[in-house]
Structures are given as C-alpha cells and as structure tokens.
Trainee: 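Once you've had a glance at the structure underneath, I'll fire off some questions.
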Amino acid sequence: MSISILGIFVADLAFFGEKIPSTGETIIGKNYIIGPGGKGSNQAVAAAKAGAKTYFISKIGDDQFGSMAKKIYDESGVDYTNVIISKDHATGAAGILIDEKSGANSINVVPGAAGALTIHDIDKASECIKNSSIFLTQLEAPKEVVFHSIKKANQHSVKTILNPAPAASIYKEIFSMIDYFTPNETEANFYVNHPIETLDDAKQAAKKILELGVKNVIITLGEKGAYFENKEENYTAPIANLNNSIVDTTGAGDAFNAGLAVALAEGKNIKESLNFASATAGISTTKLGTANSMPLRDEIDKIL
Ligand code: RIB
C-alpha cells in the first residue's frame, strides 16, 4: 500500500502582517519564516507523516533550497529516489503573504527546477506510479507532464486524485481518468464559472463538475468543511474539532489531499476518508508553515 505524488518543491518565503497588502501598498510586517513548500512536496510530507509509504516525483536544483527539500524528506520519511537533482536548474521559491488575524494567504509561486520536469522524467518513474494504490498530483508542474502522469496511472488502474491547484484548463479526455477531483471554492469557480459562497453553490458546482466526467468530486470549503458528491451519494464533511487556534491556513489544502490519499489507500470508506482529511488539514492550520505544519499520525488519530 503506497502513494505516489507528482508535484513541485519550492522554498516558501512567508510574511505575516496585520493584513495582506493591496496593489501598490506597502505594510510593515510582523514576522517572516522560510521553509519547505510546493503543493506536491507538502502533500508528500503530509502523507508520509500520516503513515503511508510515500514516493515523491519531482525535480530540484543542486542548491541550498534543494538541500532544504532533502532534509524534510529525510526527516519525514518521504522516498525521493524519483526526485531528480538538476545541475542546470535552480530550485524555485514562493512568496506568501499571510494575514496574521485570520491566517488567510495570497501566493506567487515560481516552480524553478520542477518547471523543467518532462514526460521522459515521468516515464522513468513509471514503476513507482504503477505499484502505488493511489496517485496524487496538482497543477503546479507543467500541465503536459501532469496529464501524462494521470494517463500512466490510469493505464495501470491506479486510483487518481487531481487537486486542481492552481486552477487551469484541463483536456476533456483527462477528466474521465480522474477518480477524485478536489478543488477549493476558488478553483471550483474556475471550472463551473459561478462563485462558490454557500453550501448550495458547492452542490450546484459539484453536479456540473461530475458532468465533466470525473468520478468523485470533493470541494473544500474552508471553515464550512468539504462537500463530496458522486453519481450515487453525497456528504458534507464538517471541519475537525481543533484543540488550538488557527494561525496559518497555508498548506491546509495540501494536508487535506494527503489525508484523503492516505485514508483511501488504507481502504477507509469515503466518509471516514473525508473526516481523516479534514482532521489532517485542521491540525496543519494550527501551526506555522506548510510542510513543517503537517501532523503526525498520532495527532490525527487523537482528534478523530
Ligand atoms: O499550498 C501551499 C503551497 O502553495 C505553498 O507551500 C507554496 O509553495 C505554493 O506552492
């Protein structure tokens, strides 16, 4: 039972202040942290910490940020034999602006070396995709590479999760190869062309997304939980009861997707899997950082 994840690693440069500055505005911030990030990489760290054998597929530079990646994989137990270390590319970085009151964020991510991933790199990692029970990816790596990897997983009957972050257009034929499609409200809006502000909006959006051909849709709704629907059933997963207050929501979506992947790989049913995912995401918001905020399995089990 293993999970393979394709995505990017970047170094996160996160700045906390009393608000997220608007265009043309400068604010004096309160604090900043530099740590490991990138959606796919955060998901890999979260899945490994939640107890799954996790393979990460990516490309990093042979530089200081690349060393940051290797350190977190060593600490959390991510298998990174399929992370190519390129001498020709520098590891990327993300600038993250965080509102210290709500924990909300805005992100500009530059994928760097991971933006140079190729279809050939995926073919070299195809054994690990083939031998996994779940394949998870997002839309930060080059799109053609992401779509190729979904096709590979699908050919080998490996269940696929596409976290469409950031939202981008997807070829029609790819939708039917997606077992679980997991946008947040903003990303769902992109695919259905109407804003998702209420649970009813999410229900409408889920129906439209199912018509695109995905098998299951899960729309994450922040403090409203997550809405799941497929052709047979639907369920609204509440947010987890947290013991600590929210300090940073960055990476919560990554924690959710990793939790979902781990629970499904363990054979949990969809409701159990969504509750496990919500708990993983919830705990991550009570800590600063992205990869560094991912909970251990014990912490997840304790709040479930
Ligand atoms: O989902 C959060 C992540 O998005 C950050 O770690 C940042 O690197 C961007 O990729």
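Atoms within each ligand, like the ligands themselves, are counted from 1 in listed order.
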Trainee: Short N/O distance, under 3.5 Å, between Gly38 and ligand 1?
Mentor: yes

Trainee: Is Gln64 atom CD crowded by more than 12 heavy atoms from other residues, nucleotides or ligands, each under 6.0 Å away?
Mentor: no

Trainee: What are the atoms of ligand 1, with element, lying closer than 4.0 Å to any heavy atom of Ala94?
Mentor: 7 (C), 8 (O)

Trainee: Can you name the atoms of ligand 1, numbered from 1 with element, that are less than 4.0 Å from a heavy atom of Val10?
Mentor: 8 (O)

Trainee: Counting only heavy atoms not in Asn269 (residues, nucleotides, ligands), do more than 12 fall under 6.0 Å from its CG?
Mentor: yes

Trainee: Heavy-atom contacts with Thr290 under 4.0 Å: which atoms of ligand 1 show up? List them by number with element.
Mentor: 6 (O)

Trainee: Does the side chain of Asn184 come under 3.5 Å of the side chain of Thr220 through a donor N or O and an acceptor N or O?
Mentor: no

Trainee: Quick one: does Gly253 get within less than 4.0 Å of ligand 1, heavy atoms only?
Mentor: no

Trainee: Of the protein's non-hydrogen atoms, which lies at the shortest distance from atom 4 (O) of ligand 1, and what is that distance?
Mentor: Lys39 NZ, 3.1 Å

Trainee: Return the orientation label for the Phe9 and Tyr73 ring planes: parallel under 30°, perpendicular over 60°, tilted otherwise.
Mentor: perpendicular

Trainee: Is any side-chain heavy atom of Gln204 less than 4.5 Å from a side-chain heavy atom of His194?
Mentor: yes

Trainee: May I ask you to list the atoms of ligand 1 that are less than 4.0 angstrom from any heavy atom of Gly37?
Mentor: 6 (O), 8 (O)

Trainee: Starting from atom 7 (C) of ligand 1, find the nearest protein heavy-atom neighbour and note its residue, name and distance.
Mentor: Asp12 OD1, 3.3 Å

Trainee: Do ligand 1 and Glu140 have nitrogen or oxygen atoms that lie under 3.5 Å from each other?
Mentor: yes

Trainee: Is it the case that over 12 heavy atoms from other parts of the model lie below 6.0 angstrom from the NZ atom of Lys159?
Mentor: no

Trainee: Looking at Asp254, which atoms of ligand 1 are within less than 4.0 Å of one of its heavy atoms?
Mentor: 1 (O), 2 (C), 3 (C)

Trainee: Would you tell me whether Glu25 and Ser22 have side-chain atoms, one donor and one acceptor, within less than 3.5 Å of each other?
Mentor: yes

Trainee: Side chain or backbone of Asn42 under 4.0 Å from ligand 1, or both, or neither, by non-hydrogen atoms?
Mentor: side chain

Trainee: Looking at Asn193, I'd like to know if its CG atom is crowded, meaning that more than 12 non-hydrogen atoms belonging to other residues, nucleotides or ligands lie closer than 6.0 Å.
Mentor: no

